[in-house]
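In what follows, a structure is listed as structure tokens, so that the remarks can point back to it.
Nothing here was measured: the structure is a model prediction, and the numbers come from that model.
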Amino acid sequence: MFLCCWLVLGALIPLTLSTDPGVKVKLTAKGLEYGRQLGMVSIQEKLKTIQVPDFSGNQRVTPIGKVKYSLTNLKIVDVGLPTSSVALVPGTGVRLSIGKAFIRLHGNWRVKFLRIIKNSGSFDLSVSDLTVGTSIAVESDETGRPAVNTVDCAATVGSANIKFHGGASWLYNLFRKFIDKAIRRALERQICPLVTNAISDLNPQLKTLNVLAKVDKHAEIEYSMVSSPAVTASSLELGLKGEFYNIGKKQEPPFSAAAFNLPPQADSMLYIGLSAFTANSAAFVYSAAGALSLYVTDDMVPPASPFRLNTNTFGVFIPQIAQRFLGLTMKLLVKTVKPPVVTFEPNNTMVKASGTVTAYAIHPNSTLSPLFVLNLESSVSAQPFLSEMRVAGRVSLNNMDLTVGTSYVGEFQVTTAFEHVSECIQLAKGYPLPAIGKMQLVNTQLQVLKDYMLIGTDVQFNSIHGASRG
């Protein structure tokens, strides 16, 4: 599929309200070159399907007189595209140029002259110095996914050389220039439609873009475009909405995305910038869904830790617990009371959350007895990472301020020992990145910068003419 890499990576989505994006995607010259390599394979296959029509007619040849001729069964033997380039046109789009291409064909000939003499044979046709130039535009379809089309295309055939074999082939040599010209015109008429067809073949692949990607049972993330693509001589940059929503319910958060700029890096094919707005819209959605709660049980505490979630451990700090609930295991319900706030600083992701911690004693029959409720103000650091096509993270505690909200076992003082209830927790599944088809990320690097997280990566497509690695 022609230029699939750059169109897949830079898939344009329909314009929505002109606001700052939550996610930015930048395709570099390296990514464009990978797309050219894939595209040439597709165009070469398309050109192999050229069907040159049979030729027949009359031609007066001195001194023989009128000769009836026909050229039939013209078949493509070989197609070569040794020189090609693809370039970004600032403010416009993409320009593809193909030069020094060649096509070789084989066919049969037949002649009749002097009314009764007939002869036949075969011929080889070599078309050289074939050039193609085409401009490509990317638009939005009615589903909010990208669609591509050819703006203009021009093809020329420099020369067509025919060699006739067998019989009275010398007759054809007398008017080969006429035949050369006719075949060149026939080929030129077909080349641009086939190139256009190769570009159109992208559309089924582009329809796989996860414009609305499900994250889990609570949330989905929208990757619609919020502005026109920014095309420079070295990159194509897209601004995507990058906003979380509750599934089936689009409720805007009480904040909006702030402007941010991707750095001028170009070592990778693709750069994806994920802003704090995207992370905070996730926090807003999960908080609204009541999903920001977690039961902490003893099996989540590292085995080597001396601090255990049971009434014996807590009884050291709160004697009433050990007296009333001796020898029972415990669990904690940690939940937020308002959406957490995520900030990105260089090499540091911070999450501030306000919530409550409710402790329960677990009886042998699995019934729960509430012990206390603590008010929680916490700050954690997140370590983001990529897992296949998803962004996930691990969080660890920086500081935590606990105060007693409610006690069911009498008065007690909160000590630093309570901070042991927060161990390192992994955010298991994460959320999906924008992708098309069977796109995979390779040679990936992740950086946390001011106000956004930057992913630099090369790509691999396994569904386009077999496995192709960037």
Side-chain angles (χ1 to χ4, degrees), residues 1 3-13 21-39 86 88 94 138 146 202 205-206 208-211 213 215 221 223 225 229-232 234-242 260-276 278-279 344 346-347 349 382-394 427 429-470:
M1 292 182 181
L3 294 184
C4 197
C5 174
W6 73 265
L7 286 172
V8 166
L9 301 179
L12 304 184
I13 315 165
V23 173
K24 285 189 175 183
V25 177
K26 182 175 76 171
L27 176 72
T28 66
K30 182 179 179 181
L32 197 65
E33 169 61 18
Y34 178 51
R36 183 198 64 79
Q37 296 171 19
L38 296 180
V86 61
L88 293 166
V94 177
V138 186
L202 270 174
Q205 276 286 325
L206 297 178
T208 66
L209 175 68
N210 57 344
V211 172
V215 180
I221 183 170
Y223 288 118
M225 198 169 181
V231 184
T232 68
S234 59
S235 67
L236 184 151
E237 186 175 296
L238 309 176
L240 309 180
K241 192 167 189 179
F260 70 100
N261 295 313
L262 298 182
Q265 298 179 16
D267 294 334
S268 298
M269 294 180 183
L270 182 71
Y271 290 91
I272 305 173
L274 305 171
S275 72
T278 298
F344 291 132
N347 301 315
T349 301
Q383 296 176 309
F385 63 91
L386 294 176
S387 177
E388 297 182 345
M389 288 297 299
R390 302 177 77 92
V391 179
R394 297 181 180 88
L427 303 179
K429 291 186 177 180
Y431 64 87
L433 294 169
I436 287 181
K438 296 181 179 180
M439 171 178 147
Q440 296 181 8
L441 306 184
V442 294
N443 305 323
T444 303
Q445 295 182 335
L446 189 151
Q447 300 173 268
V448 179
L449 303 174
K450 174 67 174 176
D451 297 329
Y452 68 98
M453 182 167 52
L454 181 68
I455 299 168
T457 185
D458 294 335
V459 298
Q460 174 182 339
F461 293 99
N462 289 328
S463 60
I464 306 171
H465 305 294
S468 299
R469 181 176 293 274

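- Side chains of Leu441 and Val459 form a contact here, defined as non-hydrogen atoms less than 4.5 Å apart.
- At a threshold of 4.5 Å between non-hydrogen side-chain atoms, the residues Val23 and Ile272 count as touching.
- Annotation: the span from Met453 atom CE to Leu386 atom CG amounts to 7.5 Å, rounded to 0.5 Å.
- Listed here is the closest heavy atom pair of Phe344 and Leu274: CE1-O, 3.6 Å.
- Between the side chain of Lys24 and the main chain of Phe260, a donor-acceptor pair closer than 3.5 Å is present.
- The shortest non-hydrogen separation linking Gly22 to Ser275 is O-OG, 2.8 Å.
- In this structure, Lys26 contributes its side chain and Pro263 its backbone to a donor-acceptor pair below 3.5 Å.
- Using a distance-only test at 3.5 Å, with no hydrogens or angles considered, a donor-acceptor pair links the side chain of Lys30 to the main chain of Asp267.
- Panel note: side chain Thr28, backbone Met269; a donor-acceptor pair is recorded below 3.5 Å.
- Salt bridge annotation for Arg36-Glu33: present, with a cationic side-chain nitrogen under 4.0 angstrom from a carboxylate oxygen.
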Candidate pair Tyr271 and Leu454, rule side chain to side chain contact (heavy atoms under 4.5 Å, CB included), full reasoning = CA-CA 7 Å; Tyr271 290 91; Leu454 181 68; 4.1 Å; yes

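- At least one side-chain heavy atom of Asp458 sits under 4.5 Å from a side-chain heavy atom of Ser268.
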Gln265 and Gln445: side chain to side chain contact (heavy atoms under 4.5 Å, CB included), yes or no, with the steps?
-> CA-CA 12 Å; Gln265 298 179 16; Gln445 295 182 335; over 6 Å; no

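- By the 4.5 Å heavy-atom criterion applied to side chains, Tyr452 and Leu262 are counted as neighbours.
- Listed for the Thr232 side chain is a donor-acceptor partner under 3.5 Å among the backbone atoms of Ser234.
- Taken from CD in Gln37 to CG in Leu32, the straight-line distance is 10.5 Å, to the nearest 0.5 Å.
- Side-chain contact between Ile221 and Thr278 is present, with at least one heavy-atom pair separated by less than 4.5 Å.
- Counting heavy atoms from C-beta on, the side chains of Val448 and Pro384 come closer than 4.5 Å.
- Using modelled atom types, no side-chain atom of Thr457 and backbone atom of Leu270 make a donor-acceptor pair closer than 3.5 Å.
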